Trainee: 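Provided herewith is a single structure, encoded as C-alpha cells, for subsequent inquiry.
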Amino acid sequence: MQDWRVFLFDEMDTNLETLRSIVTDLTQEIASVQLSSTSEAEEFRIKFLGQKRGLITQLFKTIPNLPKEDRRDAGQLLNALRKKAQSTLDAAKEQTRSHSTDLPEIDLTLPGRQNQWRGSRHPITLALEKITDIFHRMGFRIAKGPEIEDDWHNFTALNFPEDHPARDMQDTLFIDEGDQQKSRTLMRTHTSPVQIRMMIAGKPPFRMIAPGRVYRNETITYKSYCLFHQVEGLVIDEGITMSDLKTTIYSFACAFFGEDVKLRYRSSFFPFTEPSAELDIWWEIPEHPDGGRWMEILGSGMVHPNVLKAVGIDSERYTGYAFGMGVERPAMLHYDIKDIRIFYENDVRFLAQF
C-alpha cells in the first residue's frame with residue numbers, strides 16, 4: 001500500500017515544494033531509525049528501497065508528473081534521500097555482521113579435544129564378520145555376486161519349477177519381466193545364485209560361502225524384514241554325505257552360540273536340495289510361558305542332482321551339501337535383540353551399545 005505522503009504528492013499536489021516537504025519528513029524518519037537485527041534491516045530496505053513498493057522508488061516514479069524545469073531538482077533531492085537510506089542500511093548490516101563474528105580469538109597451539117563419541121560397527125556387520133570368520137577357519141572360500149539377478153541364476157538353475165510360489169510377486173521383487181521368463185531381472189531372493197556362478201566358472205571340488213544382502217517382498221514384523229542378510233554355503237566333492245553337513249553345521253553352531261547351544265534338525269523341503277533339513281536354535285525368553293522357543297536359523301541339505309546337471313557337473317561322480325542362513329536371526333540370538341526392525345532404524349542409542 002502506498003504511503004499517504006506519496007499518494008498526496010502523486011494525486012493531489014504534484015509540485016517541487018510538496019516533494020521537498022516529503023523528503024524532509026523521510027530524511028528525519030531515516031535518521032531516527034535504530035536497526036539492531038537482520039530482520040529490522042530487511043524491513044527498512046523493503047519500506048524505503050524496495051523495487052516495487054519502496055517509498056523512494058514510488059517518489060521517483062512521480063518525477064515525470066512535475067513541470068520540466070523542476071524535474072532536475074527533484075531528481076537531486078531523491079538521489080540524496082536514496083543515498084541516505086542506503087548508507088543507513090549498509091551501516092546496520094555491517095554492525096550486525098560484526099556482532100555475529102565477534103568471537104573470542106582461537107589459540108591454534110592448544111591440543112585438540114578428544115572426541116567423546118566414536119563410531120562403532122553395526123551389529124549386523126559384527127555378526128556377519130563372525131560367521132564368515134568361523135567358516136573361513138573351516139576352510140571355506142568367500143565369494144560374492146550381483147544383487148540384481150536374472151531368473152535363470154536365481155530360480156531355474158536351482159531346480160525351481162516354473163509354478164513355484166517363490167516366483168510369485170508376493171515373495172520376489174521383480175525389476176523387469178523381460179521377453180521370456182528366463183530373461184526377467186529381479187532383486188535376488190537368496191545368495192544361492194553366487195554358487196551357480198561359481199560352479200559354472202570353475203571345476204570341483206568347491207568349498208565356499210556367499211555372504212550378502214537379499215530382498216523379498218515380505219510383510220515387515222518383529223521377526224521378518226524386506227531386506228536382510230544371508231550366508232550361503234556350498235561343498236561339492238567326491239564322497240560328500242549328509243554326515244559331513246551335520247558335522248559342519250554343529251561345529252558352526254558351537255563356535256557362534258557357545259558349546260552349550262541347544263539345537264534340533266527338522267526334515268524340510270527345498271527345490272535345490274534332497275534330502276533337506278532345517279536347523280532350529282533354542283531361544284531363551286524368561287517371560288515366555290515355556291521359558292523360550294525354537295527359532296529357525298538355516299536351511300540345508302544335499303545338493304539336488306538337477307542343480308549339478310544345470311551347471312555341467314557329473315552328478316554320478318560328485319555329491320555335495322548346501323546351507324543358507326540369515327544373519328539377522330543369529331544376531332538377535334547372540335545379542336539378545338527381540339525385534340529385527342531395530343537393526344534398520346539407525347537409532348544411535350541402540351548402535352552405541354556395540
Side-chain angles (χ1 to χ4, degrees), residues 1-122 175 220 226-227 341-354:
M1 182 180 294
Q2 273 192 332
D3 184 273
W4 67 270
R5 291 165 292 192
V6 179
F7 176 81
L8 177 65
F9 178 70
D10 188 22
E11 301 294 336
M12 300 179 60
D13 194 9
T14 307
N15 60 69
L16 186 59
E17 291 305 317
T18 303
L19 178 62
R20 290 183 190 277
S21 177
I22 294 174
V23 170
T24 300
D25 289 343
L26 292 180
T27 302
Q28 293 175 353
E29 185 175 342
I30 291 172
S32 64
V33 167
Q34 298 292 330
L35 304 177
S36 58
S37 65
T38 303
S39 60
E40 291 179 356
E42 180 63 13
E43 291 177 3
F44 176 90
R45 184 194 68 79
I46 294 173
K47 179 178 180 180
F48 291 98
L49 299 170
Q51 293 184 359
K52 291 185 177 181
R53 296 190 177 185
L55 296 180
I56 298 175
T57 302
Q58 294 181 57
L59 287 173
F60 267 105
K61 292 179 180 179
T62 64
I63 290 180
N65 299 331
L66 292 170
K68 291 184 179 180
E69 61 272 16
D70 294 335
R71 292 175 185 175
R72 180 177 180 181
D73 293 338
Q76 291 176 348
L77 282 172
L78 294 179
N79 280 327
L81 179 64
R82 180 166 59 184
K83 184 176 180 181
K84 174 66 175 178
Q86 187 64 53
S87 63
T88 300
L89 180 63
D90 292 342
K93 288 182 177 180
E94 182 62 30
Q95 183 179 9
T96 303
R97 189 180 302 112
S98 64
H99 286 169
S100 62
T101 57
D102 188 17
L103 300 175
E105 184 178 353
I106 299 175
D107 186 353
L108 299 179
T109 63
L110 291 174
R113 297 184 180 92
Q114 184 176 2
N115 187 6
Q116 299 299 315
W117 163 252
R118 293 184 179 180
S120 59
R121 287 178 295 174
H122 195 279
I175 298 174
I220 296 176
C226 57
L227 154 69
R341 293 169 292 192
I342 298 177
F343 288 130
Y344 299 98
E345 292 177 349
N346 294 326
D347 191 328
V348 175
R349 295 169 299 177
F350 168 73
L351 298 177
Q353 300 177 45
F354 302 92

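Given the structure is predicted, the values throughout are model-derived calculations rather than measurements. All values below come from the heavy atoms of this structure, side chains included, with hydrogens, waters and symmetry mates left out.
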Trainee: Quick one: do Asp25 and Val23 satisfy side-chain contact (heavy atoms from CB on, under 4.5 Å)? Show the steps, please.
Mentor: CA-CA 5 Å; Asp25 289 343; Val23 170; over 6 Å; no
Trainee: Between Thr57 and Gly50, is there a donor-acceptor pair closer than 3.5 Å when you use the side chain of the first and the backbone of the second?
Mentor: yes
Trainee: Does the side chain of Ser36 come under 3.5 Å of the side chain of Glu40 through a donor N or O and an acceptor N or O?
Mentor: yes
Trainee: Strictly distance-based, threshold 3.5 Å: is any side-chain N or O of Arg71 a donor or acceptor partner for the main-chain N or O of Pro64?
Mentor: yes
Trainee: Applying side-chain hydrogen bond (donor to acceptor under 3.5 Å, both in side chains), can you list everything that pairs with Arg121, at least two apart in sequence or on another chain?
Mentor: Glu129
Trainee: Rounded to the nearest 0.5 Å, how far apart are CD of Gln86 and CD1 of Ile56?
Mentor: 9.0 Å
Trainee: Mind checking the CD-OG1 spacing from Gln28 to Thr24? Nearest 0.5 Å is all I need.
Mentor: 6.5 Å
Trainee: Does the plane of the ring in Phe343 sit parallel, tilted or perpendicular to the ring in His122? Use 30° and 60° as the thresholds.
Mentor: tilted
Trainee: With a 4.5 Å limit on heavy-atom distance, are the side chains of Lys83 and Asn79 in contact?
Mentor: no
Trainee: Could you walk me through whether Leu19 and Leu78 pass the side-chain contact (heavy atoms from CB on, under 4.5 Å) test, one step at a time?
Mentor: CA-CA 9 Å; Leu19 178 62; Leu78 294 179; 4.1 Å; yes
Trainee: Rounded to the nearest 0.5 Å, what separation is found between the CZ atom of Arg341 and the CD1 atom of Ile220?
Mentor: 8.5 Å
Trainee: With a cut-off of 6.0 Å (strictly less than), are more than 12 heavy atoms of other residues, nucleotides or ligands near CD of Glu69?
Mentor: yes
Trainee: Check the pair Phe60, Arg82 against side-chain contact (heavy atoms from CB on, under 4.5 Å), reporting the backbone distance first and the verdict last.
Mentor: CA-CA 10 Å; Phe60 267 105; Arg82 180 166 59 184; 3.8 Å; yes
Trainee: Can you tell me how far CG of Leu55 sits from CD1 of Ile46, rounded to the nearest 0.5 angstrom?
Mentor: 12.0 Å
Trainee: Could you tell me which non-hydrogen atom of Ala41 sits nearest to which non-hydrogen atom of Leu89, and how far apart they are?
Mentor: O-CD1, 3.3 Å
Trainee: Return the CD to CD1 distance between Gln58 and Ile22, rounded to the nearest 0.5 Å.
Mentor: 11.0 Å
Trainee: Applying side-chain hydrogen bond (donor to acceptor under 3.5 Å, both in side chains), which residue pairs with at least one partner in residues 344-354 are found, sequence neighbours left out?
Mentor: Glu328-Tyr344, Asp347-Arg349
Trainee: Can you tell me how far the OG atom of Ser21 sits from the CG atom of Leu16, to the nearest 0.5 Å?
Mentor: 11.5 Å
Trainee: Taking all non-hydrogen atoms of both residues into account, name the closest pair between Ala85 and Phe48 and its distance.
Mentor: CB-CB, 4.4 Å
Trainee: Indicate yes or no for a side-chain donor-acceptor contact from Asp70 to the backbone of Leu66 under 3.5 Å, with no hydrogens or angles considered.
Mentor: no
Trainee: Salt bridge or not for Lys47 and Glu29, using N-O below 4.0 Å?
Mentor: yes
Trainee: Show your reasoning for whether side-chain contact (heavy atoms from CB on, under 4.5 Å) applies to Leu59 and Leu77.
Mentor: CA-CA 10 Å; Leu59 287 173; Leu77 282 172; over 6 Å; no
